[in-house]
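Here the structure is laid out as structure tokens; the discussion comes afterwards.
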Amino acid sequence: MPLQNCIFAIEFRNFNKMKRTKIKQLLESGDAGSKVTVKGWVRTKRGSKNVAFLAINDGSTINNIQVVVDVNNNENEALLAKIHTGASISIDGLLTESQGSGQRVELMAENLIILGEANPDEYPLQPKKHSLEFLREIAHLRFRTNTFSAITRLRHSMIFAVHKFFNDKGFLNIHTPIITGSDCEGAGEMFRVSVFDPKNPPLLEDGNVNWKEDFFGKETNLTVSGQLEGELAALALSEIYTFGPTFRAENSNTSRHLAEFWMIEPEMAFYDINDNMDLAEEMLKYLVKYALENCMEDLQFLSKRQQEEESQKPQDQRSMELIEKLKFVLDNDFARISYTEAIDILMKSKPNQKKQFQYPVEKWGTDLQSEHERFLVEKHFKKPVILTDYPKEIKAFYMKQNEDGKTVRAMDVLFPGIGEIIGGSQREENYEKLLNRIREMHIPEKDMWWYLETRKFGTVEHSGYGLGFERLMLFVSGMGNIRDVIPFPRTPKNAEF
RNA sequence: UCCUUCUUAGCUCAGUUGGUUAGAGCACCUGACUGUUAAUCAGGGGGUCCUUGGUUCAAGUCCAAGAGAGGGAGCCA
């Protein structure tokens with residue numbers, strides 16, 4: 001017996017309680033012959049007359065460890081009768097080379113303890129495939145499925161990779177406010193934050209609510225973007241990013257929208273729109289590469305899952321295999337074209353000439369519909385596309401105005417199957433032009449004094465963008481519904497858990 | 001918010017032109033089996049057919065309204 005195992009055995013005797021070893025470690029590098037303790041949740045129980053097998057998972061990996069229990073032992077037999085899918089157990093035992101073919105090592109149970117039973121008449125999860133819709137109804141338990149543990153590990157890796165990417169480039173992470181007092185952020189409907197009794201708020205003489213008496217002394221809402229505050233920091237620290245919760249009170253019922261989501265918003269001084277596009281492309285490729293290098297087992301599981309689902313669809317609607325798709329994005333430059341060029345391509349396109357678009361493309365100036373974006377990404381270029389220089393009328397007030405007087409330096413990154421994954425722009429740094437645009441678009445000027453002052457004092461060219469984190473997760477995981485890549489989705493009429 | 005599809009056992013689903021006692025697989029219980037891989041085999045228990053109203057001799061099935069869910073669209077990230 002190797003020396004380290006002897007020491008382990010002595011510790012076992014002395015303390016009668018061993019330190020838990022995680023299943024990932026045991027499966028990857030556990031030595032056959034060592035005594036170990038495993039704790040986790042039972043996925044399946046199966047067996048025959050003399051021996052029972054428990055598949056145990058502790059979330060450290062997609063894989064289970066097989067625990068072998070001798071049934072010819074009254075104590076074990078009684079315990080096994082109480083162990084069902086979902087029960088939590090602790091096992092001390094000997095790690096051995098597996099006699100079966102499904103795994104390298106398995107655990108011969110010597111001391112089996114039930115930590116928490118799971119009544120099979122009530123426990124909703126079974127060792128079988130459940131629908132994603134059903135799992136959404138039991139979001140408190142869906143972490144215990146292979147799919148959600150894989151997504152949760154992948155999500156963690158992507159969060160970590162975002163911070164690593166920016167940290168390694170010298171960006172500073174800043175926390176922008178979640179409660180905001182300005183309603184000029186221009187990104188849709190907001191959730192009100194108030195401490196007033198909704199049935200009896202203090203009123204002014206004219207009957208309107210007297211917000212001056214509310215907690216902050218003004219109307220406040222949950223943020224729809226950290227961009228404006230992010231710009232303030234970038235205009236001192238050069239390169240910053242935010243990664244925080246974002247709230248939109250839009251009544252959006254789609255597989256790509258959440259009322260509460262997480263957004264990554266870098267802001268960079270001295271970056272023009274081309275630097276901005278370079279950063280966005282580099283970041284997306286870095287994140288995809290990080291997933292391929294660090295989450296391969298989970299990606300393989302998710303790929304298999306997706307392939308099974310896709311096999312139900314007709315041939316022409318199936319998407320590329322997940323890992324192949326991720327590598328494809330990594331290996332190809334994104335197409336970069338202007339809005340004007342895009343309109344040109346669309347107007348000349350077959351579906352437009354054959355009137356197959358629901359919204360025909362007829363003239364410069366209208367916003368692109370998702371069917372148009374999909375055509376450009378999935379049919380015409382067959383790879384991610386960055387669209388730039390949109391008409392100013394369809395974009396936000398803060399975007400830098402081009403010299404043509406018609407367009408602004410916006411950029412949208414479009415991904416296959418997802419649509420807009422990033423929206424950004426070079427920002428207008430000229431005080432007069434910005435002020436004019438604020439007035440033209442009827443943005444409350446008095447709330448913008450601090451934003452405008454950055455253009456008054458030491459203004460510089462700068463840029464930034466917003467990446468919807470869950471949309472990134474959709475792409476990297478291959479999942480089809482955004483509600484399945486965030487632990488507890490918040491959507492219209494749903495704030496359960 | 002609009003269009004569209006769906007709702008039958010704990011889960012996944014079948015249920016024909018309206019017709020007698022609503023089915024299957026999985027899960028659960030009992031038994032069999034010398035090491036299984038979502039084990040297998042035999043047997044058993046388990047139903048507000050989403051809700052309300054209507055048509056009909058008769059409704060899981062047809063009609064209307066409502067609730068919930070999916071897919072698509074708009075808004076966007």
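Numbered from 1 within each chain, the chains take letters A, B, ... in sequence-line order.
- At the heavy-atom level, P120(A) lies under 4.0 Å from the strands shown only through sugar-phosphate atoms.
- Between the P atom of G71(B) and the CZ atom of R374(A) lies a distance of 14 Å, rounded to the nearest Å.
- Regarding contacts with the backbone of C76(B), every side-chain N or O of R471(A) stays at 4.0 angstrom or more from both OP1 and OP2.
- At the heavy-atom level, Q99(A) lies under 4.0 Å from base atoms of the strands shown.
- Counting non-hydrogen atoms under 4.0 angstrom, F53(A) reaches a base of the nucleic acid.
- Checking the phosphate oxygens (OP1, OP2) of A39(B), a side-chain nitrogen or oxygen of T44(A) falls inside 4.0 Å.
- Considering only side-chain N and O atoms, H84(A) lies under 4.0 angstrom from the phosphate OP1 or OP2 of C29(B).
- In this structure, the separation between OG1 on T407(A) and CE on M399(A) is 12.0 Å, given to the nearest 0.5 Å.
- Rounded to whole Å, the distance from CG on N146(A) to P on U37(B) is 18 Å.
- What separates CG of L80(A) from P of C29(B) is a distance of 12 Å, to the nearest Å.
- Ion pairing between E309(A) and R305(A) holds under the 4.0 Å rule for side-chain N and carboxylate O.
- Side chain to side chain, E231(A) and Y398(A) fail the donor-acceptor criterion of an N or O pair below 3.5 Å.
- For U37(B), the OP1/OP2 oxygens have no side-chain nitrogen or oxygen of R43(A) closer than 4.0 Å.
- Atom name P, nucleotides G44(B) and A67(B): the rounded distance is 43 Å, in whole Å.
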Quiz item: Between R256(A) and T254(A), does a side-chain hydrogen bond (donor to acceptor under 3.5 Å, both in side chains) hold up when you go through it step by step?
Solution: CA-CA 5 Å; R256(A) 300 181 306 282; T254(A) 81; 4.8 Å; no
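- Heavy atoms of F415(A) sit nowhere under 4.0 angstrom from any nucleic acid atom.
- Note on ring orientation: taking the six-membered ring where Trp is involved, the planes of F415(A) and F334(A) are perpendicular (angle over 60°, cut-offs 30° and 60°).
- The CD atom of Q356(A) sits 18 Å away from the C1' atom of G72(B) (whole-angstrom rounding).
- Each of Y286(A), F160(A), F243(A), Y241(A) was evaluated against F165(A); a single residue qualifies, Y286(A), per the ring-ring contact (aromatic ring centres under 6.0 Å, His included) test.
- In RNA chain B, consecutive stretches of 3 or more Watson-Crick or G-U wobble pairs with both distances under 3.5 Å are given as paired ranges: B:1-7 with B:67-73, B:10-13 with B:23-26, B:28-32 with B:40-44, B:50-54 with B:62-66.
- Taking every side-chain heavy atom of T254(A) into account, C75(B) is the closest of C75(B), G71(B), U37(B).
- Residue side chain S252(A) does not reach the base of C76(B) through any donor-acceptor N/O pair under 3.5 Å, judged by distance alone.
- Comparing I482(A) and E371(A) against RNA chain B, the residue whose closest nucleotide sits nearer the 5' end is E371(A).
- Counting only distance, with no hydrogens or angles, the side chain of S90(A) and the backbone of I113(A) share no donor-acceptor pair below 3.5 Å.
- Residue contacts for N251(A): at a heavy-atom cut-off of 4.0 Å it reaches a base atom on one of the strands shown.
- Distance noted for atom C1' between U40(B) and C26(B): 14 Å (whole Å).
- As judged by a 4.0 angstrom heavy-atom cut-off over every strand, G466(A) is placed among residues touching the sugar-phosphate backbone only.
- The distance between atom NZ of K82(A) and atom C1' of C28(B), rounded to the nearest whole Å, is 18 Å.
- Taking only side-chain atoms of Q66(A), from C-beta outward, the nucleotide of C33(B), G74(B), U37(B) with the closest atom is U37(B).
- An OP1 or OP2 oxygen of G70(B) is reached within less than 4.0 angstrom by no side-chain nitrogen or oxygen of S255(A).
- Looking at N274(A) and R336(A), their side chains never bring a donor and an acceptor atom within 3.5 Å of each other.
- With centres under 5.5 Å and a plane angle under 30°, the ring of F261(A) is stacked against the base of A77(B).
- Residue M473(A) is out of contact with every strand shown, counting any heavy-atom pair closer than 4.0 Å.
- Residues E265(A) and S225(A) bring a donor and an acceptor atom of their side chains to less than 3.5 Å of each other.
- Taking atom P in both G66(B) and U48(B), one finds a spacing of 26 Å when rounded to whole Å.
- Here A73(B) presents its C1' atom at 16 Å from CG of L368(A), a figure rounded to the nearest Å.
- K82(A) contributes no side-chain N or O that, together with a main-chain N or O of E117(A), makes up a donor-acceptor pair within less than 3.5 Å.
- At A39(B), one or more side-chain N or O atoms of R46(A) fall inside 4.0 Å of OP1 or OP2 (strictly under the cut-off).
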Please produce a list of atom pairs where a protein N or O lies less than 3.5 Å from an N or O of nucleotides 23-26 of chain B.
| from | atom 1 | to | atom 2 | distance (Å) |
| --- | --- | --- | --- | --- |
| G25(B) | N2 | K128(A) | NZ | 3.1 |
| C26(B) | O2 | Q126(A) | OE1 | 3.2 |

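- Between G74(B) and Q369(A), a contact under 4.0 Å exists linking OP1 or OP2 to a side-chain N or O.
- Classification of the Y451(A)-F397(A) ring pair by plane angle, with boundaries at 30° and 60°, yields perpendicular.
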Short heteroatom pairs, N/O only, protein and nucleotides 2-4 of chain B, under 3.5 Å:
none

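- Checked against G70(B), A73(B), C28(B), the side chain of Y359(A) finds its nearest nucleotide in A73(B).
- Looking at R155(A) and E470(A), a side-chain N of the basic residue comes within less than 4.0 Å of a carboxylate O on the acidic one, giving a salt bridge.
- Using a 4.0 Å heavy-atom cutoff across all strands shown, E137(A) reaches no nucleic acid atom at all.
- Taking 3.5 Å as the limit, the base of C76(B) and the side chain of H257(A) contain a donor-acceptor pair of atoms between them.
- Taken from OG1 in T44(A) to CG in N57(A), the straight-line distance is 10.5 Å, to the nearest 0.5 Å.
- Residue-level contact check: I422(A) touches the backbone only, with heavy atoms under 4.0 Å from sugar-phosphate atoms and none from bases.
- Comparing the same atom, C1', in A69(B) and in U51(B) gives a spacing of 15 Å after rounding to whole Å.
- Rounded to whole Å, the distance from CD on E133(A) to P on U7(B) is 13 Å.
- Aromatic ring pairs are classed by plane angle as parallel below 30°, tilted from 30° to 60° and perpendicular above 60°; the pair Y339(A) and W364(A) is perpendicular.
- Taking the charged nitrogens against the carboxylate oxygens, D484(A) and R142(A) do have a contact shorter than 4.0 Å, which makes a salt bridge.
- Checking the phosphate oxygens (OP1, OP2) of A73(B), a side-chain nitrogen or oxygen of R256(A) falls inside 4.0 Å.
- Between the side chains of R153(A) and S149(A), at least one donor N or O lies within less than 3.5 Å of an accepting N or O.
- To the nearest whole angstrom, the two C1' atoms, one in A22(B) and one in A65(B), are 27 Å apart.
- Distances shorter than 4.0 Å separate none of the side-chain N or O atoms of S131(A) from OP1 or OP2 on C11(B).
- E106(A) comes within contact range of at least one nucleobase, with a heavy-atom separation under 4.0 Å.
- At a threshold of 4.0 angstrom between heavy atoms, the contacts of G423(A) are confined to the sugar-phosphate backbone, with no base atom among them.
- Ranked by how close their nearest RNA chain B nucleotide is to the 5' end, N50(A) and K493(A) are led by N50(A).
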